Amino acid sequence: IFLPSIWDRGVQYTIEERRKFLLIFFACQAYIAMIYTMSGLYKVVSSVIQYTAGEPSYFSLDAAALLVSYWLQHFYRVSILGDFIVGHQIFSWLVLMAVLYLLLFSLWAVFFPSLHKLWGFGLVLFHLSTLLSIDLLFIYNVFCKDISLLQLYLKKILVVIVLKTYCFD
């Protein structure tokens with residue numbers, strides 16, 4: 001969020017200034033991606049432990065349905081996609097595996113700039129699908145972090161408006 005402003009047109013920056021900017025931007029992306037990758041690794045390790053103990057895990061076909069039904073019952077909530085996820089377990093499990101894949105390979109995606117746009121939109125969809133499925137709001141994650149990852153692809157003014165509106169007020 002607190003990245004140096006290098007988008008000014010007409011200003012010539014030295015190679016050293018551009019290199020520092022790219023290093024800071026890369027470090028911010030790598031830090032965020034590392035957190036997502038650690039989350040994915042935790043889910044895989046805990047799922048292996050649960051699977052070997054004979055308990056339901058992320059690898060079970062009914063994992064998404066069990067996860068959504070647990071969260072909705074535990075917090076007494078109603079969601080838009082809750083019934084659909086419980087009723088379509090195989091489709092929901094495939095989406096859950098896609099999210100796990102997105103989390104696991106987040107750090108890897110940082111090193112390939114061609115994947116940044118796809119990865120950023122994947123994270124936005126992940127947080128919005130969490131809202132629609134278990135009614136858990138990640139508004140600060142979506143607006144402060146995910147959109148800041150996409151700011152090279154979005155117009156600067158949109159990013160500034162969103163960050164000022166949702167993160168700094």
Side-chain angles (χ1 to χ4, degrees), residues 1 28-155 158-159 161-169:
I1 295 171
C28 292
Q29 283 185 326
Y31 177 73
I32 291 169
M34 181 185 62
I35 292 171
Y36 279 112
T37 300
M38 289 175 16
S39 172
L41 284 173
Y42 173 78
K43 286 174 177 48
V44 168
V45 169
S46 63
S47 294
V48 168
I49 292 170
Q50 288 175 327
Y51 182 77
T52 57
E55 300 173 359
S57 68
Y58 266 72
F59 305 126
S60 306
L61 285 178
D62 59 350
L66 291 173
L67 183 69
V68 168
S69 62
Y70 169 78
W71 276 95
L72 293 178
Q73 288 177 355
H74 186 71
F75 292 107
Y76 304 106
R77 294 181 181 234
V78 176
S79 70
I80 295 171
L81 294 178
D83 291 335
F84 177 82
I85 291 172
V86 172
H88 299 85
Q89 294 180 1
I90 294 176
F91 175 76
S92 303
W93 178 79
L94 291 173
V95 172
L96 187 65
M97 291 299 106
V99 167
L100 187 60
Y101 182 81
L102 179 75
L103 294 175
L104 275 175
F105 292 101
S106 288
L107 189 59
W108 183 72
V110 170
F111 293 98
F112 296 94
S114 60
L115 293 177
H116 287 185
K117 195 184 301 185
L118 181 64
W119 175 56
F121 283 120
L123 291 176
V124 170
L125 288 176
F126 161 62
H127 288 113
L128 292 177
S129 67
T130 303
L131 171 65
L132 296 175
S133 62
I134 60 174
D135 198 34
L136 188 60
L137 187 60
F138 285 109
I139 194 76
Y140 292 110
N141 293 54
V142 171
F143 286 114
C144 298
K145 182 173 41 63
D146 296 346
I147 290 180
S148 69
L149 292 172
L150 294 171
Q151 67 185 341
L152 288 179
Y153 304 105
L154 300 173
K155 294 188 183 251
L158 174 65
V159 174
I161 289 171
V162 168
L163 291 177
K164 284 183 179 179
T165 303
Y166 293 101
C167 300
F168 300 113
D169 285 342

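These figures come from a predicted structure and were not determined experimentally.
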Work out which heavy atom in [X] is nearest to a heavy atom in [Y]; give both atom names and the distance.
X	Y	result
Leu107	Phe111	O-CD1, 3.3 Å
Ala63	Trp93	CB-CD1, 4.3 Å
Ala33	Ser106	CB-O, 3.4 Å
Leu41	Leu104	N-CD2, 3.6 Å
Thr52	Ile49	OG1-O, 2.9 Å

Of all pairs that satisfy ring pair (Phe, Tyr, Trp, His ring centres under 6.0 Å), the ones with a partner from residues 39-59, not counting sequence neighbours: none
Looking at [atom1] of [X] and [atom2] of [Y], how far apart are the two atoms once the value is rounded to the nearest 0.5 Å?
X	Y	atom1	atom2	value
Ile32	Thr37	CD1	OG1	12.0 Å
Ser133	Leu128	OG	CG	10.5 Å
Leu102	Ser39	CG	OG	10.5 Å
Leu96	Lys43	CG	NZ	9.0 Å
Ile35	Tyr31	CD1	OH	4.0 Å
Ile80	Ser129	CD1	OG	12.0 Å

His88 (side chain) donor-acceptor with Phe84 (main chain) under 3.5 angstrom: yes
Stepwise side chain to side chain contact (heavy atoms under 4.5 Å, CB included) check, Trp119 with Val110: CA-CA 9 Å; Trp119 175 56; Val110 170; 4.1 Å; yes
Aromatic ring pairing Trp71/His74, orientation class (parallel under 30°, perpendicular over 60°, tilted between): perpendicular
Criterion side chain to side chain contact (heavy atoms under 4.5 Å, CB included) on Asp62 and Gln89, from CA distance to verdict: CA-CA 5 Å; Asp62 59 350; Gln89 294 180 1; 3.4 Å; yes
